[in-house]
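One structure below.
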Amino acid sequence: MIPSIDELLAESAVLSLPMRTKFRGITTREVMLIRGPGGWGEFSPFVEYDDQESAPWLRSAIEAAWDGPPEPYRARVRVNATVPAVSAAEVPGILARYPGVDTAKVKVAEKGQTLADDVERVRAVRAEIPRVRVDANGGWTVDQAVEALTLLTEDGDLEYAEQPCATVPELVEVRRRLPGVRIAADESIRRAEDPLRVVRAGGADVAVLKVAPLGGMRALLELAGELGEYGVPVVVSSALDSAVGMASGLAAASAIPRLEFACGLGTGSLLETDVADGAELVDGTLPAGPVEPDPERLRALAASDERTRWWHQRLRRTYTHLR
Ligand SMILES: O=C(O)CCC(=O)c1ccccc1C(=O)O
Ligand SMILES: [Mg+2]
């Protein structure tokens, strides 16, 4: 059952969340929260996404607000620190926001930066955190990936390299040329027509799964089950969500029977202010559980009237793409 547009908008809020550090080229994260009978849901496709690509994000918000979370297997989820493409000098300040975390994901291959910048940043992270993975967001060619990952594994292992190149054939090639480095697929799953294609092609050792682009917690769990049949472990990650979207990620992660890797659900630490008091990171874990936004924060973080209208229009357009 899909609620009406009026029901979706009835108790909704459009928010502009200031970030502590630039990430994905943005310094404020706009999100729309909707409230339904099952709790709160988050509709927050990145602003450049078109209406069709935004449709699973809306399905995900509706699932959270109307159906609520699936049955959990565990109460807390191990998370990784997320290190944006900052200078090496800024790394300790970022990591200080992740108490007890033993795994870091480091952004690399940022436009306008060099491989030397990546090497220095990763080195600065290794000085403090034992387990390191990198995420290139598809920014390298195959040759660049081979060169970079060879250099980045000279002074320590990488847990895995996430989306080193943009396309599936390139991931297959990198994996063939660098058998010692695990490859994780992110965009090749969440922005693909067929999320299993990259795995069938032999382009991924690990699958990064995000609730909203996959259409919700249960859709993610179904895909995680299918990936399990291929022997591919999953990492549940955020889309730079507010605490409401993060609750869906944490609920999905807590409902996966076997979780081998730390999840990318610690990005609340990249926000200056969140919609609810962030559940505290203890020993590198976050609790799974419902989140109730603080009404005062909702008022303080409200987006402008113009941006609110834009999000309402976006929701109306996206609604026509629901099936
Ligand atoms: O996985 C993490 O550590 C945090 C989430 C993250 O990196 C991310 C957040 C928003 C958009 C894209 C990405 C990404 O994994 O590429
Ligand atoms: Mg990624």
Side-chain angles (χ1 to χ4, degrees), residues 17 19-31 42 44-49 53-54 56-57 60 77-86 91 94-95 97-98 101-111 121-122 125 129 131-140 145 158-167 171 182-192 195 198 203-214 220 233-243 245-246 248-250 252-253 259 261-271 274 278 281 284-286:
L17 310 178
M19 295 166 56
R20 292 185 203 242
T21 314
K22 192 165 159 192
F23 187 74
R24 264 191 108 256
I26 59 172
T27 50
T28 49
R29 177 75 167 109
E30 283 186 348
V31 304
E42 175 166 332
S44 60
F46 297 111
V47 290
E48 70 273 17
Y49 281 19
E53 187 161 12
S54 300
W57 298 66
S60 174
V77 176
R78 202 157 62 88
V79 302
N80 62 268
T82 303
V83 181
V86 296
V91 164
I94 303 276
L95 294 179
R97 300 173 210 156
Y98 293 95
V101 164
D102 71 353
T103 304
K105 180 171 102 169
V106 185
K107 290 286 181 178
V108 291
E110 177 90 348
K111 276 198 190 69
R121 184 181 319 110
V122 169
V125 174
I129 301 269
R131 206 174 287 132
V132 175
R133 53 180 79 150
V134 295
D135 185 355
N137 287 110
W140 287 322
L158 285 176
E159 187 181 30
Y160 57 72
E162 182 171 327
Q163 202 72 39
C165 307
T167 70
L171 295 185
R182 277 192 285 226
I183 302 300
D186 173 12
E187 285 85 345
S188 286
I189 293 174
R190 75 179 142 93
R191 307 194 75 166
V198 63
D205 301 281
V206 176
V208 177
L209 306 185
K210 307 199 185 215
V211 169
L214 290 172
L220 182 151
V234 307
V235 173
V236 181
S237 170
S238 94
L240 203 55
D241 309 318
S242 81
M246 207 64 71
S248 292
L250 289 163
L259 265 186
F261 295 97
C263 285
L265 299 170
T267 56
S269 296
L270 298 176
L271 301 176
D274 206 337
L281 253 167
T285 66
L286 282 174

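Values below: all heavy atoms of this structure, side chains included; hydrogens, waters and symmetry mates excluded. Small disclaimer: the values here were computed from a predicted structure and weren't measured. Whatever order the structure lists ligands and atoms in, that order sets their numbers, starting from 1.
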Which atom of [X] approaches the Mg ion (ligand 2) most closely (N/O/S):
| X | value |
| --- | --- |
| E162 | OE2 |
| D135 | OD2 |
| D186 | OD2 |

**Report entry** Check ion pair R78-D102 (N to O, under 4.0 angstrom)
**Finding:** yes
Would you say [Y] and [X] are linked by a side-chain donor-acceptor pair, where the criterion is simply a distance under 3.5 Å?
| X | Y | result |
| --- | --- | --- |
| N137 | E187 | yes |
| T103 | E159 | no |
| R29 | S44 | yes |
| S238 | T267 | yes |
| K210 | S237 | yes |

Query raised in the report: Got an N/O contact under 3.5 Å between N137 and ligand 1?
Result: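 Among all N and O atoms of N137, at least one is under 3.5 Å from an N or O of ligand 1.
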Query raised in the report: What do you reckon, does S238 have a nitrogen or oxygen under 3.5 Å from a nitrogen or oxygen of ligand 1?
Result: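 Min N/O separation from ligand 1 is not below 3.5 Å for S238.
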Backbone, side chain, both or neither: what part of [X] comes under 4.0 angstrom of ligand 1, heavy atoms only?
| X | result |
| --- | --- |
| R29 | neither |
| S237 | side chain |
| N80 | side chain |
| D186 | side chain |

Could you find the nearest protein heavy atom to [atom] and give me its residue, atom name and distance?
| atom | value |
| --- | --- |
| atom 8 (C) of ligand 1 | K210 NZ, 3.2 Å |
| atom 3 (O) of ligand 1 | T82 OG1, 2.6 Å |
| atom 11 (C) of ligand 1 | R24 CD, 3.3 Å |

So does [Y] get a backbone contact from the side chain of [X], meaning a donor-acceptor N/O pair under 3.5 Å?
| X | Y | result |
| --- | --- | --- |
| Q163 | D186 | yes |
| E42 | D241 | no |
| N80 | G264 | yes |

Query raised in the report: Which atom pair, heavy atoms only, marks the closest approach of A253 to L259?
Result: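 Scanning both residues, the minimum pair turns out to be O-CD1, 3.4 Å.
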Query raised in the report: By number and element, which atoms of ligand 1 are closer than 4.0 Å to a non-hydrogen atom of D135?
Result: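 The list of qualifying atoms is 14 (C), 15 (O), 16 (O).
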Query raised in the report: Which atoms of ligand 1 sit under 4.0 Å from any heavy atom of E162?
Result: 15 (O)
Report task. Compare K105, R190, Q163 and give the one whose heavy atom is closest to atom 6 (C) of ligand 1. Result -> K105
